[in-house]
S.K.: 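The structure is given below, and queries will be raised subsequently.
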Amino acid sequence: VTHIATLSGGGSSGPLIDLRKFDSPASQIVQAGVVTDYDTFGEGLSGFAPHFHNDTVTCPPSTTGRFPYVGAGALMLSTTEEPAARGTEFRAASAYKRLGWVPGSRGIVQLRTMFSLSGTASMTTFDYPFESAWMGLDFQAPDDTARAFGMVALRADPTNNGIPAWFLRTGRTSTTGGWRTPDYVKIPGTEGWFSGFNEGKRGYQLARLAVNTEAIFTGGDYYLEFQWADRLANLRGLAPGVPWDLLLNAGSDDHFRNGANKGYGIAAKPDKKARMLIGASMTTVGDVLR
Amino acid sequence: MITIPLLAADQSSRNLLTPNGGLTGYMFPTNEMDMATMGRFTTWELAIRGPVNVTGDWLLKGRFLKVLEHSYGPQYSNPERYGFTPLETATYVRERGGWGKRDALNPSPNGGEFQTIADHTDGIGGGTVHVVTRTVENWIIRHVADLRFEAPQSVAPGLKVDLALHFHH
């Protein structure tokens, strides 16, 4: 096991908490890589940007000083406050950050996040206001041959009275095909793996997604492992193949060649509000299987 | 300093202001943004490119509303919106007025009432763009602009605008 160097920080970011220290001891992955970015949102959006050319345009991200995880701020994604009859184009909020493809990007990439959810809450039933709250890693190879946009999403589980569980975005998309609705497969055993909305306290929760980008070159499992709080789920074999391998605008300047992004998003049910706060977000490359 | 675009005129089929707000809604930003965390000042930049599918009269009116977060206790907060008071407008809006057209030397007091920003008499469209800016000191954590487009004699009209927020110190 490679020694974990102490992260240094300071300024308005406040004390840094190395999220790698929360990796489950039962993880199939050993820390051997490097931190490529670490955001605690003490000042500004830390490189996160809204997608302007899709339907999140009028729900841009902001920072909030009210509910930080560490330091002075958090990234806030919030859905529209307009009634369902107005602003019908705009229901979801998302933001992404460009990570850059670096040595080590081919291999195991992990996204560790402290996040919280809040919004319109029912006092008597399970009727959470979000349709999906997700985090993901989106990579397209520098040689432009392959792409994978994987994500884990907290979504209502129709087999469990709508109580949310975690799902993987899955399904292959032909490299010549166009847009289609993503498919999702439930991660077994993740029912109720989320923090309650009690009094809008916005409790922070830990999530860790591990993927292997080697799968887009030589095949194999892209999704490796998911951790929520102290719970661990093995993702291997759940979603065979590479999820969402649509090459974006290949053959034009607008292709996603050498793309490497992380992202977060939340979509609300009609006439409900939902918020996702990102208190800390860390990406590593170069970790290895045990 | 950061600029957040809200509406882009070149995305006009989806970003048009419409009388019923069906596409974009009325309130901007449409979602919860903690403006006071983003910067000391919010500068609104509204570039009115021109009406679409409009015959006859049209106007765009607007007002500032502040957002109070604590109407239902500090936990399950249901925000309430109230117009800027005349004193708040004079104190925190650098232009010392609301959204209305006016002589810069004669700022109009505004208590959050709708004021006409532009209308069909201004010759907007066909390359003539009317740009309006307002700068608000973020004394409260967030506020919104309520923008209403009206074209009573038209069928399915819209107004092409760019709208952006600049947060700065």
Side-chain angles (χ1 to χ4, degrees), chain A residues 12 41-68 72-93 95 118-123 197-202 266 268 273-275 277, chain B residues 1-39 42 65 67 69-70 72-81 138 141-142 144-148 161-165 167-169:
Chain A
S12 61
F41 307 100
E43 195 166 333
L45 296 172
S46 206
F48 277 86
H51 278 96
F52 192 60
H53 288 290
N54 67 17
D55 58 7
T56 65
V57 53
T58 56
C59 291
S62 70
T63 50
T64 175
R66 289 184 283 172
F67 314 97
L75 179 70
M76 178 163 65
L77 303 176
S78 58
T79 61
T80 184
E81 296 181 306
E82 291 282 69
R86 295 207 302 260
T88 50
E89 287 284 305
F90 314 111
R91 283 285 168 251
S118 63
T120 312
S122 168
M123 296 294 113
F197 275 25
N198 180 250
E199 294 183 350
K201 287 173 180 140
R202 312 191 198 206
I266 189 162
K273 291 187 292 183
R275 297 179 210 89
L277 302 185
Chain B
M1 167 76 202
I2 187 167
T3 292
I4 300 282
L6 298 180
L7 296 175
D10 289 342
Q11 296 282 304
S12 58
S13 66
R14 294 164 63 157
N15 283 189
L16 286 176
L17 295 178
T18 52
N20 64 7
L23 285 178
T24 61
Y26 294 142
M27 304 290 173
F28 300 94
T30 184
N31 63 331
E32 181 181 357
M33 292 182 75
D34 278 4
M35 294 164 160
T37 309
M38 300 286 281
T42 301
L65 303 175
V67 182
E69 301 284 354
H70 47 260
Y72 199 66
Q75 304 289 349
Y76 287 120
S77 175
N78 289 331
E80 299 285 342
R81 296 179 178 130
N138 293 317
I141 200 160
R142 60 192 184 107
V144 297
D146 182 358
L147 301 178
R148 306 288 178 102
V161 301
D162 297 299
L163 180 62
L165 302 177
F167 298 104
H168 54 102
H169 292 282

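Here the structure is a predicted model, which is why all the values come from computation and not from measurement. Convention: sequence-line order gives letters A, B, ...; per-chain numbering from 1.
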S.K.: Could you give the distance from OG1 (B:Thr37) to CE (A:Met76), rounded to the nearest 0.5 Å?
M.R.: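 It is 7.5 Å, given to the nearest 0.5 Å.
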S.K.: Under 4.5 Å heavy-atom distance to chain A, tell me which part of B:Phe167 shows up: side chain, backbone, both or neither.
M.R.: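 B:Phe167 has no heavy atom closer than 4.5 Å to chain A.
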S.K.: Give me the atom names and distance for the closest heavy-atom approach of A:Glu81 to B:Pro79.
M.R.: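 In terms of heavy atoms, the two residues are closest at OE2-CG, 3.9 Å.
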S.K.: Report which part of A:Pro83 has an atom under 4.5 Å of a heavy atom belonging to chain B: side chain, backbone, both, or neither.
M.R.: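 Neither the backbone nor the side chain of A:Pro83 comes within 4.5 Å of chain B.
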S.K.: Could you check whether any side-chain heavy atom of A:Arg66 comes within less than 4.5 Å of a side-chain heavy atom of B:Ile141, counting everything from C-beta outward?
M.R.: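 A:Arg66 reaches B:Ile141 side chain to side chain.
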S.K.: Which distance, rounded to the nearest 0.5 Å, do you find between the OG of A:Ser62 and the CE of B:Met35?
M.R.: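 These two atoms lie 9.0 Å from each other.
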S.K.: What closest approach, in Å, do A:Pro61 and B:Ile4 show between heavy atoms, and which atom pair accounts for it?
M.R.: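 Distance-wise, the nearest heavy atoms are O-CD1, 4.2 Å.
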S.K.: Search all heavy atoms of B:Asn31 against all heavy atoms of A:Pro60 and return the closest pair with its distance.
M.R.: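 For B:Asn31 and A:Pro60, the tightest heavy-atom pair comes out as ND2-O, 3.1 Å.
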S.K.: In Å and rounded to the nearest 0.5 Å, what is the CG to CE distance from A:Leu45 to B:Met38?
M.R.: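 So the gap between those two atoms works out to 4.5 Å.
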S.K.: What distance separates B:Glu32 CD from A:Leu77 CG, expressed to the nearest 0.5 Å?
M.R.: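 So the gap between those two atoms works out to 11.0 Å.
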S.K.: Pick one of side chain, backbone, both or neither for A:Thr63, based on which atoms fall under 4.5 Å of a heavy atom in chain B.
M.R.: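 Its backbone and side chain both get close to chain B.
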